[in-house]
Protein chains: 2
Amino acid sequence: MVVDPDSPQGRGDAAAVLPAVRPGAGGGLDRRRILGAAIEIIDTDGLRALTMRRVGSRLGVEAMAIYHYIPGREAMLDGIVEVVIDELYGDPDVYLAHPDWQEYLQRLAHGVRRIALAHPEVFPLIATRPPAAPWVRPPLRSLRWMESFLHTLIDCGFSDRAAVAAYQAFSSFLLGHLLLEVSAQGADIGPIPEADPGPVKPADLDEYPLLQRLSPQLAEDHSAEEFEESLETLLNRLETFGKD
Amino acid sequence: MVVDPDSPQGRGDAAAVLPAVRPGAGGGLDRRRILGAAIEIIDTDGLRALTMRRVGSRLGVEAMAIYHYIPGREAMLDGIVEVVIDELYGDPDVYLAHPDWQEYLQRLAHGVRRIALAHPEVFPLIATRPPAAPWVRPPLRSLRWMESFLHTLIDCGFSDRAAVAAYQAFSSFLLGHLLLEVSAQGADIGPIPEADPGPVKPADLDEYPLLQRLSPQLAEDHSAEEFEESLETLLNRLETFGKD
DNA sequence: ACCTGAACACCGTTCAAGT
DNA sequence: ACCTGAACACCGTTCAAGT
């Protein structure tokens, strides 16, 4: 039909919209700076816009220069995931001593949620990249956070098994909720930021009387309250794990 | 690479000799057959191997022929998601009258789980493709299933609001659990089916004493039981929604 | 009516060469 | 030491042309 304006070959000026991080002179390339540029590109133009060549040009450099710091595109994606979840370490709300494990998990959950909402286009990557080991679960997919998580719970009297079960249940909760939340706000940027077609072509809804009746309620966004409620329920459930 | 041995028999000259009698028999290309080939490619070689050219060659046809049935790669991905979740309709365990909503949700959940495990490389697509409307939630992302879901619950005495809340909670549960489950079994095929590096380089674990101690337990796979348990918990929680 | 050949713009990645 | 130019093998997609 019509050429997709945000497809890679579209306009190329898109690169011009984002000012190069450090025009020309560029003080030294490094892994961290490259990953930062990549994350900015994803945040503004979506995953599909992430290209070795484009990351290079954002840094005032040819694509090939990147290979001196990061051994390829796959490694870049892994690095992006790592950098984004590491933002948790800079979050004073999370990285602190906590009175009890409930408080710890509350802060941790909200910290991860903040990250997901700040980088909605990156979160699917966090959710689906293969983890370092099969027992490392997204979205808390760093050994450091796993250690912290398990340590805190065991310190609070959880048995080893209960702590492990809690990690798994907590991961599944966060993954489901947050992926749903970012996907609802249009992650993966499907077609185009084109004319909003309204809430689904009404024609489609004709065959679904219930959807038609409920679509106003379906469209209401209660994700924040839902998150709090489900988190509360989860914590209560974990409490029963603790005593085994 | 190598010609696929179970691709449509014979050069397609047969189709030239025999005028297409029945679309979808032997030689005729159609949307459904194309999507089927695409799904087989993903199942066997992963998402990254899915290429217009490769789908074409699997069907004994040039890549460009596909564009007469499907308007591009994005549309193909959407079609794949649609076809895979539509497998639910063929599942007699699911598509049946049910004594109560608990039974219905149980069967539905297990049906979706079966699909996820049958197509672990497709599930991330189901999880992350932008849905038709923001209120359509993966993985139950078809209007038809949403209608069925809401209808069943409302028939069982749920209020409109409670039914909607149940749909959302159910979606989040399925998404979290199943994405975790398929990602643990190595979805998104990271680098290559190369030499298995064992369960994480032991060097990494040196700094994480707890992970070291718990790694045997972390590696145990209890996903099936966890699924049952969490589903049970969810159903109990939904029961409290019902009375509002 | 249905498919193809050739072409285009863009990829990731390599490697020898430049500074 | 750090980056680039040129090249290669692959993409998705178009369009006019073949049968």
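Per chain, numbering begins at 1; letters A, B, ... match sequence-line order. Values reported hereafter were calculated over all heavy atoms of this structure, with side chains retained and with hydrogens, waters and symmetry mates removed. Every value quoted in this text rests on a predicted model; they were computed, and no experiment measured them.
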Between P of D:dC11 and CZ of B:R48, the distance in whole Å: 11 Å
From CZ of B:R73 over to P of C:dC11, roughly how many Å is that when rounded to an integer? 15 Å
Whole angstrom is fine here: how far is it from CD in A:E62 over to P in C:dT19? 15 Å
Set of residues satisfying salt bridge (charged side-chain N to carboxylate O under 4.0 Å, His left out) with respect to A:E82, sequence neighbours excluded: A:R31
Spacing between A:I70 atom CD1 and D:dC3 atom C1', to the nearest angstrom: 16 Å
Excluding sequence neighbours, so at least two apart, what forms salt bridge (charged side-chain N to carboxylate O under 4.0 Å, His left out) with A:E147? none
Judged by each residue's nearest nucleotide on DNA chain C, which is more toward the 5′ side, A:P71 or B:H68? B:H68
B:Y69 side chain: which of C:dT4, C:dC2, D:dC3 is closest? C:dC2
For B:H119 and B:E87, does a side-chain donor sit closer than 3.5 Å to a side-chain acceptor? yes
Between B:Y67 and C:dC3, does any side-chain N or O lie under 4.0 Å from OP1 or OP2? no
Atom CG of A:L47 and atom C1' of C:dC11 are separated, to the nearest Å, by 15 Å
Check side chain to side chain contact (heavy atoms under 4.5 Å, CB included) between A:D91 and all other residues, then give those that pass, not counting sequence neighbours. A:D93, A:V94, A:R114
Check the distance between C:dT14's C1' and A:M52's CE and give it to me in whole angstrom. 13 Å
Test: ring-ring contact (aromatic ring centres under 6.0 Å, His included). Region: residues 66-90 of chain A. Which pairs qualify, not counting sequence neighbours? A:Y89-A:Y95, A:Y89-A:W145
Nearest whole Å is fine: how far is C:dC11 P from A:E74 CD? 17 Å
Between the protein and nucleotides 8-10 of chain D, are there any N/O to N/O pairs under 3.5 Å, and if so, what are the atom names and distances?
none

Checking contacts here: which listed nucleotide (D:dC3, C:dG12, D:dA6) is nearest the side-chain heavy atoms of A:M64? D:dA6
ring-ring contact (aromatic ring centres under 6.0 Å, His included) partners of residues 29-51 of chain A, not counting sequence neighbours, each pair once: none
So, B:E74 and A:R48, do they make that salt bridge, N to O below 4.0 Å? yes
Earlier contact from the 5' end, DNA chain D, for B:A63 and A:A63: A:A63
With nearest nucleotides of DNA chain D determined for A:V61 and B:A49 from heavy-atom distances, which residue corresponds to the more 5′ nucleotide? A:V61
Expected output check: what is the dot-bracket annotation of DNA chain C, where ( ) and [ ] are pairs inside the strand (brackets for crossing ones), | is paired with another strand, and pairs are Watson-Crick or G-U under 3.5 Å? ||.|||||...|||||.||
Rounded distance (Å) that lies between atom P of C:dC11 and atom CG of A:L50: 11 Å
How would you list, by chain and number, every residue that makes a side chain to side chain donor-acceptor pair (under 3.5 Å) with A:R113, sequence neighbours excluded? A:E181
List, one per line, each side-chain donor-acceptor pair under 3.5 Å for residues 171-178 of chain A, sequence neighbours excluded.
| residue | atom | partner | partner atom | Å |
| --- | --- | --- | --- | --- |
| A:S171 | OG | A:Y167 | O | 2.8 |
| A:H177 | NE2 | A:S230 | OG | 3.1 |

